[in-house]
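Just so it is clear: chains get the letters A, B, ... in the order the sequence lines come, proteins before strands, and each one is counted from 1. Keep in mind the model is a prediction, meaning the values are calculated, not measured.
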Amino acid sequence: MGMPGSQRTVERLVEEHYVGLYRYAYRLTGSEADAEDLTQETFCKAQMNLSQLRATDRAKNWLFTILRNAYLHRVRTEKQQPRSLDLVGDVPDVLPEPLPDVDPDQLQQALAELPEVYRTPILLYYFEEFSYRDIAEQMDLPIGTVMSRLARAKGWLRSRLLGPDAATLGPRPRRATDGL
Amino acid sequence: MDCRTARHLLEFSRPCASELDDHDQDALHGHLAVCPDCDSTARAEREADQHLGQAVRDVPIPQGLRERLMRRLREEREAWYRRWLARGVRVVAAVAAVVLIAWFGLSSWRKHNLPRLDPDQLTKVALERHQYAPPDRDEAEAWFRKNGHRVATPDDFNYSFLFSFHLGEFLDKKVPCLLFVRTDDEGRQSQVAWVYILSKEQFDLKALEDKFESPSGSHFKSQVWHPQPEFAYVIVYSGDRLDDMLVSKKDRPRS
Ligand SMILES: [Zn+2]
């Protein structure tokens, strides 16, 4: 770890990304305090490792990767119960019309029940509009794996939040675990 | 394009971050325009994504978060610089300690390792500062000149008694000095005289008087000659009188 990066650059990174990073952290942890801690830790690490940021247009990807690594470091010691997505039942083709309001607690609960390897891609996909390539880079995975995890995580959230009949769309009923 | 391909491409077609190239995007749009089934799936998919995406993004930002982040970063910076400074001070202290230890060690080593004397070397050093026989007045003056002292040696001395010449110390200054030694008939030393040649460039010679009071009770006597403005001679000699060391006036080589 070298000397702190330029104060101006660091402050600009905060201005541009603290909202997105905090939301990401909150969805990962489900706690305001943990989310704030993680966001602070992310920026502190960024400040001390600013020289590693080669291109400013990659700053968002870089910061989100730091945050995820910090999060993983925290939960590594926690015993993660591997959860199966088999719990998603058979679902019909169509979403209810209109789509029901999403209950925030239910949403956070559903995310918390998703294993991190599914939660991270769906969060990145939903909220900062990262490309599949970006997500793959942050998770150090092939794009194909990212996409299959995304599809399953989407199915999981839909089945939990948009009604039991809305986990997947398509001409034939599927199980969320198809193709695992 | 068939429906299967269209459903596959749909996964890559996102309103905000499409992963498709223009050709595939156009082909997909072409299919959706003519296939109501795929088109409705695409719409439903997009709506569901937007609906869930909005819900996922809907996280209130705590008040003052930005300020707390900035403050924490500032504190981290300051703490880093304090640690850096403290480490710098520790490094300087450690270096100083090493230097001190080394210095004490060297001093102690030197005390226990006094240089051994080499007689040849000592003789050589002595000869560099004192020129010995055959003593010669011109040679003495040349040697003083070579060592940075322009001198005029006193005319009154008998230079057959010149024994050596060297640079002596006088009031922290190097002063040319002639040593005259007179022996008796049996070769025994009977009288010595040191002649210090003081120049007006080194000393204020005006205060010197022709008559110089010899220190009482000493085995040696002294005289000061100041025959010319540029030089004065301080003569320290043994015996009662200096005359035996001098040439008679008629025999003086120079005037
Ligand atoms: Zn079709």
Side-chain angles (χ1 to χ4, degrees), chain A residues 1 3-5 7 10-11 14-15 18-27 32-33 35-36 39-40 42-44 46-48 93-95 97-104 107-108 111 122-123 125-134 143 147 150-151 154 157-158 161-162 166 169-171, chain B residues 3-4 6-20 35-85 87-88:
Chain A
M1 195 179 281
M3 65 183 299
Q7 188 174 351
V10 174
E11 287 180 356
V14 174
E15 298 285 1
Y18 84 97
V19 170
L21 283 167
Y22 174 82
R23 287 177 169 155
Y24 180 43
Y26 179 81
R27 289 303 184 205
E32 284 183 20
E36 185 161 337
T39 310
Q40 280 186 341
T42 300
F43 281 119
C44 286
Q47 175 167 257
M48 296 310 298
D93 298 358
V94 290
L95 284 166
E97 193 69 55
L99 291 167
D101 286 343
V102 176
D103 178 71
L107 169 64
Q108 196 56 44
L111 286 170
I122 196 69
L123 289 178
Y125 173 82
Y126 272 145
F127 95 72
E128 289 294 334
E129 289 134 11
F130 286 107
S131 69
Y132 294 138
R133 184 183 297 280
D134 288 337
I143 287 183
M147 292 188 67
L150 263 176
K154 266 194 215 180
L157 288 184
R158 283 174 188 179
L161 302 168
L162 304 181
L169 305 167
Chain B
C3 291
R4 194 181 140 87
R7 299 293 166 103
H8 180 63
L9 289 185
L10 268 181
E11 290 184 49
F12 293 91
S13 176
R14 298 163 61 192
C16 298
S18 179
E19 315 270 332
L20 296 176
C35 177
D37 204 19
C38 287
D39 187 51
S40 103
T41 301
R43 283 177 197 282
E45 192 71 42
R46 196 174 307 149
E47 271 175 38
D49 268 357
Q50 281 173 350
H51 196 67
L52 276 178
Q54 201 171 357
V56 167
R57 286 190 296 272
D58 186 18
V59 176
I61 301 301
Q63 219 171 9
L65 174 63
R66 181 188 159 283
E67 289 69 29
R68 286 195 295 280
L69 290 171
M70 294 291 196
R71 190 170 58 235
R72 170 79 185 279
L73 286 168
R74 223 170 22 245
E75 286 166 3
E76 288 277 321
R77 290 178 79 82
E78 286 163 8
W80 186 90
Y81 282 111
R82 274 199 301 278
R83 283 196 302 274
W84 181 80
L85 198 64
R87 201 162 52 233

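- Considering only heavy atoms from C-beta on, M70(B) comes within 4.5 Å of E15(A) through its side chain.
- Residues K154(A) and E45(B) have side chains in contact (heavy-atom distance under 4.5 Å, counting atoms from C-beta outward).
- Contacts between Q7(A) and chain B at a heavy-atom distance below 4.5 Å involve backbone atoms as well as side-chain atoms.
- Nearest heavy atom pair, residue V59(B) against residue R23(A), reads O-NE, 3.1 Å.
- Across all their heavy atoms, A55(B) and L107(A) have their closest contact at O-CD2, 3.3 Å.
- A salt bridge is defined here as a Lys NZ or Arg NE, NH1 or NH2 lying under 4.0 Å from an Asp or Glu carboxylate O, and R74(B) with E11(A) fails to meet this definition.
- Both the backbone and the side chain of Y132(A) come within contact range of chain B, judged by heavy atoms closer than 4.5 Å.
- Residues C44(A) and E76(B) share a closest heavy-atom pair of SG-CG, 3.5 Å.
- In terms of heavy-atom pairs under 4.5 Å with chain B, the best-connected choice from Y18(A), Y24(A), F43(A) is Y18(A).
- Residues meeting the salt bridge (Lys or Arg N to Asp or Glu O under 4.0 Å) test with R68(B), sequence neighbours left out: E36(A).
- Contact detail for L162(A) and A48(B): the closest heavy-atom pair is CD1-CB, 4.4 Å.
- Checking each of L52(B), D49(B), V56(B) against Y125(A) for a side-chain contact (heavy atoms from CB on, under 4.5 Å) leaves exactly one that passes, namely D49(B).
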